[in-house]
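So the structure is just underneath, and the comments pick up after that.
Both ligands and their constituent atoms are indexed starting at 1 by order of listing. Note that the numbering runs from 1 along the sequence shown for the chain.
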Amino acid sequence: MFDNSSSPWDRRKFLGAVLGTSSAVFGLVAPEKVLAARFIDAVQTSRQPDYTRYVFNVNGPLDYKTFSLDNPPRVVVDLTGTEAQHLEIPSVPAGSVVNGLRVGIQDGTNLRLVFDLKAAVKPRLVLLPPGGGMGYRLVVDLPHDKAVTLVAKETADPESKPKIQTGRTFRELVVAIDPGHGGKDPGAMGHRGTKEKHIVLDIGRRLRDMVAAAPGLRPVMTRDSDRFIHLRGRTAIARNAKADLFISVHSDAFRVTSARGASVFCLSQHGATSEAARWMANRENEADFVGGASISDHDQDVASVLLDLSQTKTLENSLDFAHRVLGQIGDVTDLHSKRVQQAGFVVLKSPDIPSILVESAFISNPEEEARLRTVKYQNEIARSILDGINTYYAARAPEGTHYAML
Ligand SMILES: [Zn+2]
């Protein structure tokens with residue numbers, strides 16, 4: 001046990017020394033007792049608003065049990081028949097309830113994780129099945145307060161296999177282009193009477209043609225005419241088209257005509273959190289996210305962890321994408337803000353589609369209104385967005401896509 005004098009590392013070293021120095025000793029031990037079927041090769045940690053999260057990458061479904069110890073408070077997780085491979089323990093995030101994580105061997109073949117805590121808390125454990133390009137993951141959430149949370153054990157179906165690309169065909173990356181406003185909603189209006197809905201449709205169409213001509217990419221328009229679509233209708237169109245990216249194009253107004261320059265927006269963390277609550281409230285959404293992986297067979301805990309992981313990753317990707325587009329736009333026009341802005345725009349709320357909103361210029365600024373009407377400027381904005389898409393995917397084209405084979 002951990003409570004006695006020998007530390008797990010000593011134990012492990014001892015085991016390694018015995019096995020490494022004498023084949024005779026090795027022969028005394030049945031191989032299946034020594035060779036672990038499962039291994040953990042990566043761990044990540046992050047501080048969320050209510051808890052500290054550890055995510056362990058596992059090479060398959062595994063059995064585990066967890067219990068708590070006092071003086072000092074610890075949470076112990078034993079993983080049956082599991083070992084650690086090249087595991088680097090990350091440092092504890094600031095403001096966490098966790099003091100540290102220790103990893104060692106327990107009973108020869110089990111891996112023991114010990115979370116040293118500042119206060120006794122009930123952990124939440126979930127084993128996530130493969131999805132979203134990831135394999136099995138064991139998620140350990142340690143709440144910051146003493147609120148009692150459910151200890152859930154979810155054994156993934158051992159029969160389920162990760163999706164493997166079998167065909168010779170590779171899919172195109174789908175880029176959803178969303179010209180803002182339309183129909184009865186003209187959007188902002190310039191001094192010369194230019195309507196935002198027309199300008200952004202023009203830019204959207206130019207971007208569509210560029211995306212269509214780019215290898216590995218396929219455009220989808222939320223609207224390709226002067227018609228009105230609800231905000232949720234726009235994200236639904238992207239979702240139905242299985243969009244990989246979502247770009248909303250605007251050219252808004254400000255009460256001060258001197259306001260100028262382009263900007264790029266992402267969803268705010270607050271917007272993401274409130275959206276998570278909304279999604280969890282709507283069971284119809286459950287089967288719909290994380291690469292379409294159905295989670296109807298799993299409990300609410302798995303659903304909420306999956307949604308949470310998906311949202312965090314999506315927001316990270318949205319920010320990266322937004323930075324790249326902002327950098328490109330900064331080469332062709334003045335920026336209203338040199339930083340990516342974040343706000344609770346409804347059209348950016350898809351939990352699994354990296355989404356940005358581009359304010360191409362201020363239509364309320366007479367000078368910019370004139371520029372927005374030119375083919376040159378419309379093409380420059382569209383080209384900047386396309387260049388942003390290309391640098392984004394050059395860094396991370398998903399496997400199985402045509403783009404990754406370019
Ligand atoms: Zn607008």
List-wise, which protein N, O or S atoms are found short of 2.8 Å from the Zn ion (ligand 1)? H181 NE2, E196 OE2, H250 ND1, D252 OD1
Look at the aromatic rings of F362 and F254 and report parallel, tilted or perpendicular, splitting at 30° and 60°. perpendicular
Cationic N near anionic O, under 4.0 Å, D387 to R324: no
Do the rings of F115 and F56 sit parallel, tilted or perpendicular, given the 30° and 60° boundaries? perpendicular
R206/D202 salt bridge by N-O under 4.0 Å criterion: no
Any salt bridge between R223 and D178, counting N to O under 4.0 Å? no
For E369 and I363, which heavy atoms make the closest approach, and how far apart are they? CB-O, 3.4 Å
